[in-house]
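Below you'll find the structure, written out as structure tokens, and then a few comments.
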Amino acid sequence: MAYKEKRSFDDKYQPADIEARCQAFWDEQKVYAYNPDAPAEATYSVDTPPPTVSGSLHIGHIMGYTQADVKIRYQRMCGKSVFNPIGWDDNGLPTERRVQNYYNIACNPHVPYDKNFVPVHVENNKEPRKEVSRQNFIEACHMLTKEDEKVFENMFRRMGFSLDWDIQYTTIGKDSIRISQASFLDLVKKGMVSSVEAPTMWDVDFQSAIAQAEIEDREVDGFFHDLRFNIQGEPDKFLTIATTRPEFLPACIAVVAHPDDERYQPYFGKTAIVPLFNIPVPILASEHAEKDKGTGILMVCTFGDAADVAWWKQSHLPVKQIIGRDGRLMPIVYGEGAFVSLDVPKARACYDQIAGLPVKKARAKLVEMLQESGDLLSQPRPIKHMVKFYEKGSQPLEFVSSRQWFVDILSHKQKWIERGQEIQWFPPYMRSRYEAWVNGLNQNWCISRQRFFGVPFPVWYPLDAQGNPNYDAPIFADEARLPVDPTVDTPTGYTESQRGQPNGFVGDTDIMDTWATSSVTPQIAMAAAPKGSHLSMPFDMRYMGHDIIRTWAFYTIMKADANAGTIPWKQAHVNGFVLDPDRKKMSKSKGNVITPIALVETYSADGVRYWAARNKLGIDTLFEETVMGQGKKLVMKMYNASKFVMNIVSASPLAQQADYVPYIKEPLDKAWACKLAQTLAGATVAFQNSDYAAALEAVEMRFWDFCDNYLEIVKARAYAGDTSAVASLMLTIDLFAKLFAPFCPFIAEEVYQARCWANATDSVHAQRWPQVEEWASVISENADLYDALTPVVAEIRKTKTMANTSQKTPVKNVRILAPAKQIELLKQAEQDLVNVGSLLPGALHYEEADTIMADQVELELPKKE
RNA sequence: GGGUGUAUAGCUCAGUUGGUUAGAGCGCUACGUUCACAUCGUAGAGGUCAUAGGUUCGAGUCCUAUUACACCCACCA
């Protein structure tokens, strides 16, 4: 059914009705469908950011997607076949965490699968979490992500994002797994991936390794503890060592001071004794110690922080790992292995009191013990210090030695920076941020996570005769077999019965970092495209928030280069954040998140889009509802002005005339046509510079000018049936419908479809961006007429306002001062001036002058009663 | 400490390659309309363009320094 039959344009403006109508119409017409037959040069390909569906849908999404959608809609109107897929990021830790809370369950890989288990949402999960099998847990993840995706889809449709809903993918889908695994195997083949046993940043809650990009620093309260370290052979001397983490005493491997520090020079080479545990450790000189920090001398432990790790690596000292994967102190038997002590029974007695405790409790207990023994030299001094956290975690990260898969990114940093330079960044300074991040990388990319819901590594390990895995001889899957799940699938050359048996095999149980999948979204999107598409990397554009330059942007650029030897996209659009009125970033925990749906209901989708499109790319913007109100007013005005024009046009015989342009003959109408051409040119240039905000401003200004001035001026003539005025109004409405289409697609469609002079069946969004050639024949060289007339009208209005009288008050006299040429022009629109100003016969006088102005305005004021 | 931005009316923001009395919307005040307009229109008040220097005939616009704020990174004994 055609759009037009479903509606009547006599109603009041009803945004919800318009929005529903448009959505149905666009779906039916497949307005945003990608045409796979389009050649590459006529295609505009977008690497859409797949939203994390387990997260909250907030106003920031709306802004970012709208800003991109405006630009994408412009490209479509320029005749491009737009490839605008939609993906859902549903794998990884955020989903697991949400599933755990939502259903109050936890994954325990040792629990057997229960095929009758149905997860149920638990409102107040006070009960302990029910432990379920890995497979049950993954099924629950799939279930919930499907629901979450619907929430996003509804909102995105409501906002009118011109996504192709037939091209969807999920980051946990089969293709995503296959492509991620293939990318991994390709990097293996290229020698860029290795499995390494090393101290890794570890989240004790999630019990998984974490990559550098996922870390954030948080300021936390802590205490400095001044501890007494005796010196072997010098009973009357001791060292004062300040530490915030006394629980690491049993893991101390050395004490270091700066080589130039005269206070400690006499002790270098001697041995310090760790209190309580009586561990002999060397006193060493090291550049990384700072003289004026703390007491200038510090203890090195395995591993208190990243500096400890770095120092340990070049020290050849043994590891004393005391923190377990669960964040508790591991059971250590003092006196065995690296854990030497001068007083083994005492060390054991001390350690027994803290073994098994979580880090914080162990710290408190040790402080107590140190106080009793007199090794705590002063009261703990409170300080605030920065501690590394997993960005989604709540406990400080620990360094835990474990085997992980690493991608070598450090040896190619320069290459990634150069690739970044091949990409056009909007705004351009975002490239500096990218380069700063790449330059600052100091760890290779740890891509393995000890979690469940994600892409498995296509890897098995052979077991030796004792049943121990040989990690140095991993068995990689053949690419043809992908996707594989090594915990289910059997490696080539083995039988399933050999799983876990001596001389058999075992599957890698880790999953990949979610970015290992997100970094191949162009490839995944291409796999989701119809067969025979002419798509290839680089895509035309990717858009994203500036917070993920370090993750999504970097990893995608890196993978595109490593896997495919290209850049992933030609342009990177980086949008800013939405800040609350106190200039704080909106976040769920602060309770300042605004729900987009309420805003759409209040201001209409077009109104909210208007707000988003007014904000420039890359700039963090204050959440400002009054701007949405402005948008709503604009849209409502568009509706009412169009309605008014259509009433006029429908009374004219010209309504049947599709080719109305030749009827535009009056000089003022031609001058107006010229103003329209100027606006179109300005908006087009702005769009070409990706400055959609400037394009909107130009269109909006001209539209208000139309309503306030031109429409008022020609109203009377148009009412009288003058075909030039009617045709000019038809042109104006046609044009504004298209000019507003990228910004406010709903009202644009409504107006376009409702035109009484055209039986539109195609969507306005399938139309070409206007070309000035369409009405070039009526553009006069005397465009100045419009600019000359409006100040005269303004002066008359001002006089009436000052006289506190109605604008309909008749004018007895008005003198227009202008250059001779302008007077000639103005005379051509004399009747319009008489109409709009309510001039009495003979009121108009002209006088030559250098500039245009009107004065001596005399009104025929109504007699006062 | 390093990097990247930002600083223009009470609020949110425009100000293109330096060029005459610095703009818009919202808010405020006054008046007028209510037969396109759950309104709309017209006008008014309100800014030493963060500060200090400099370049120039001329600087909100270019240069230098300073200050404040935001984000990223480093430091984290």
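Here is the naming used below: chain letters follow the sequence lines, and residue numbers restart at 1 for every chain.
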(message) Counting only side-chain heavy atoms from C-beta out, which of B/C26, B/A36, B/A74 sits nearest to A/Asn442?
(response)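 That would be B/A74.
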(request) Among the candidates B/A74, B/U4, B/G15, find the nucleotide nearest to the side-chain atoms of A/Gln212. (result)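 Given the options B/A74, B/U4, B/G15, the side chain of A/Gln212 is closest to B/A74.
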(request) Using a strict 4.0 Å threshold on nitrogen-to-oxygen distance, state whether A/Lys388 and A/Glu398 make a salt bridge. (result)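 A salt bridge is absent here (no side-chain N lies under 4.0 Å from a carboxylate O).
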(message) I'd like to know if A/Glu712 pairs up with A/Lys715 as an ion pair, taking the criterion as any Lys NZ or Arg NE/NH1/NH2 lying under 4.0 Å from an Asp or Glu carboxylate oxygen.
(response)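 A salt bridge is present here (some side-chain N lies under 4.0 Å from a carboxylate O).
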Expressed as a whole number of Å, how far does the [atom1] atom of [N] sit from that of [M]?
{"N": "B/U33", "M": "B/C71", "atom1": "C1'", "result": "49 Å"}
{"N": "B/A14", "M": "B/U8", "atom1": "C1'", "result": "10 Å"}
{"N": "B/G60", "M": "B/C49", "atom1": "P", "result": "7 Å"}
{"N": "B/U20", "M": "B/U34", "atom1": "P", "result": "42 Å"}

(message) For B/A24, does the base pair up with any side-chain atom of A/Gln630 as donor and acceptor (N or O, under 3.5 Å, distance only)?
(response) no
(request) Give a yes/no on whether any side-chain N or O of A/Lys798 is located under 4.0 angstrom from OP1 or OP2 of B/U42. (result) no
(request) Would you please confirm or rule out a distance under 4.0 Å between OP1 or OP2 of B/A36 and any side-chain N or O of A/Lys12? (result) no
(request) May I ask you to decide if the ring planes of A/Phe740 and A/Phe703 are parallel, tilted or perpendicular, using 30° and 60° as cut-offs? (result)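 Ring orientation of A/Phe740 relative to A/Phe703: perpendicular.
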(request) Please answer whether the main-chain N or O of A/Leu617 pairs with a side-chain N or O of A/Gln67 as donor and acceptor at a distance below 3.5 Å. (result)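 Such a contact is absent between A/Gln67 side chain and A/Leu617 backbone.
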(request) For atom CD of A/Gln314, decide whether the heavy atoms of other residues, nucleotides or ligands shown that lie under 6.0 angstrom number more than 12. (result) yes
(message) Dot-bracket, 5' to 3', for RNA chain B please: Watson-Crick or G-U pairs under 3.5 Å, [ ] where pairs cross earlier ones, | where the partner sits on another strand, dots elsewhere.
(response) (((((((..((((.....[...)))).(((((.......))))).....(((((..]....))))))))))))....
